[in-house]
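What follows is one structure encoded as structure tokens, with my remarks underneath.
Ligands are counted one by one from 1 in listed order, and the atoms in each one are counted from 1 as well. Quick note: numbers below take in every heavy atom, side chains included, and nothing from hydrogens, waters or symmetry partners.
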Amino acid sequence: MSNIYQPTAANLQKAAETIKNGGLVAFPTDTVYGLGANVYNAAAVAGIFKAKERPLFDPLISHIADIDFLPEYAVTDSRAMDLARRFWPGPLTFVLNRKDDNPAIDLACAGLKSLAVRMPDHPVALELIRQSGVPIVAPSANRFKTVSPTTAAHVRDSLGDKVNMILDGGACTIGVETTIIDLTGKNIVILRAGGLSKEALEDFTGEKILLNETSSSQPKAPGQLLKHYAPSLPLRINVAEDDVRDDEFFIAFGKVSRPANLNLSEKGDLCEAASHLFAYLREAEKHTEYKGIAMSPVPQDGLGLAINDRIRRASYRE
Ligand code: TXA
Ligand code: MG
């Protein structure tokens with residue numbers, strides 16, 4: 001049995017319902033196939049990381065279908081809007097500051113204050129996003145450390161059993177990922193080279209575009225990233241419930257006897273825990289009547305790897 005679907009009107013409608021209801025749909029774009037989920041459904045976003053078997057929560061790109069929606073979703077200026085009008089839809093992703101402060105998208109943004117957004121040039125992708133009525137976050141639809149998929153069959157071979165539907169839009173025309181540019185600073189910086197050339201960007205903007213030699217997912221100075229994830233209250237991790245101090249905000253995992261302020265997942269479900277993680281850290285740091293945050297141990301398997309990576313960073317103190 002195959003879960004590859006032709007993009008008929010009925011199948012697109014079914015795919016949009018699947019996205020709305022928190023499922024995963026792989027879909028074609030101009031660059032590579034994406035593994036899509038509703039950005040506002042943190043459990044679905046956690047499902048992406050689980051399916052990809054990614055040991056880190058890398059921030060994901062939101063896919064939108066309408067340039068006019070961009071200023072509602074992110075902090076824009078005329079430079080960003082001009083670039084969008086010139087190059088969207090197309091193989092160019094923007095990193096902009098978040099406007100939508102909805103904690104539900106924290107996991108998609110890996111806790112960053114910025115977000116990545118693009119408008120793909122593919123009729124199936126655009127129709128899916130429109131009918132879903134939400135931005136669709138999608139990394140490339142391959143397992144961690146395998147090559148990016150450019151046909152529906154590649155997706156099936158890599159992730160077939162992990163997605164609800166794979167929409168078949170033929171082979172991707174560009175075949176490499178988008179160029180990602182950081183628009184949050186004075187200069188435009190290419191974070192990842194991809195389907196749109198630096199020259200094309202320079203011709204249009206008349207500015208020198210800078211290249212970031214380090215990949216955005218493997219920053220050269222991890223200390224920089226470590227800071228991003230640190231809540232304002234000190235966080236202790238792997239704390240047994242008997243060792244939680246009275247002046248600590250207790251975030252539990254699984255069954256505990258001591259009353260917890262919050263529980264990542266009472267039933268010990270790592271996917272559920274991932275979906276709560278960033279929102280709970282945000283909630284905890286608001287409680288300044290506590291001296292710190294204590295968190296239960298989280299098992300080091302499946303999504304636990306990514307959760308532990310993030311909380312290790314969040315607990316890091318200089
Ligand atoms: O062509 C593409 O861009 C494909 C298709 C499916 O759209 N998507 C894709 O997604 O390549 P992914 O998850 O494989 O790569 C997204 C990259 C990651 O390297 C991530 O670190 C970076 O985008 N990224 C996302 N949000 C970011 C942010 N706020 N700041 C810096 N980098 C960000
Ligand atoms: Mg990728």
Taking only heavy atoms of [X], which atoms of ligand 1 are found under 4.0 Å from at least one of them?
X	result
Ile61	3 (O), 8 (N), 9 (C), 10 (O), 16 (C)
Thr31	1 (O), 2 (C), 5 (C)
Ala138	6 (C), 8 (N), 10 (O)
Ile180	17 (C), 22 (C), 23 (O)

Indicate yes or no: does an N/O atom of [X] lie under 3.5 Å from an N/O atom of ligand 1?
X	result
Lys52	no
Arg118	yes
His63	yes
Ser114	yes
Thr29	no

Using the rule given for salt bridge (Lys or Arg N to Asp or Glu O under 4.0 Å), can you reason through Glu272 versus Lys267, listing the C-alpha separation, both sets of side-chain angles and the distance that settles it, and then say yes or no?
CA-CA 9 Å; Glu272 183 183 27; Lys267 50 181 197 278; 3.6 Å; yes

Excluding water, the protein N, O or S atoms sitting under 2.8 Å from the Mg ion (ligand 2) are Ser140 OG

Tell me which part of Asp182 gets within contact of ligand 1: side chain, backbone, both or neither, using heavy atoms under 4.0 Å.
neither

How does Thr178 reach ligand 1, by side chain, by backbone, by both or by neither, if only non-hydrogen atoms under 4.0 Å count?
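Contact part for Thr178 vs ligand 1: both backbone and side chain.
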
Connected via hydrophobic side-chain network under 4.5 Å: Leu128 and Tyr73:
yes

Nearest atoms (heavy-atom pairs only) where Leu167 meets Ala15:
CD1-CB, 3.9 Å

Closest heavy-atom pair, Leu35 versus Lys52, reported as atoms and distance to 0.1 Å, is CD2-CG, 4.0 Å

Decide side chain to side chain donor-acceptor pair (under 3.5 Å) for Asp100 and Tyr40; before the verdict, give the C-alpha distance in whole Å, the side-chain angles of both, and the deciding distance to 0.1 Å.
CA-CA 10 Å; Asp100 193 328; Tyr40 298 117; 2.9 Å; yes

Side chains of Val117 and Thr93: closer than 4.5 Å at any heavy-atom pair?
no

Given Ser148, Pro59, Pro28, which one has a non-hydrogen atom that is nearest to atom 33 (C) of ligand 1?
Pro59

Between [X] and [Y], do the side chains contain an N or O donor and an N or O acceptor separated by less than 3.5 Å?
X	Y	answer
Gln13	Glu17	no
Thr31	Glu177	no
Ser296	Glu241	no
Thr151	Arg156	no
Arg192	Thr178	yes

Report yes or no: does a heavy atom of Cys109 sit under 4.0 Å from some atom of ligand 1?
no

For Tyr33 and Asp168, run side-chain contact (heavy atoms from CB on, under 4.5 Å): C-alpha distance rounded to whole Å, both residues' side-chain angles, the deciding distance at 0.1 Å, then the answer.
CA-CA 9 Å; Tyr33 273 72; Asp168 188 353; 3.6 Å; yes

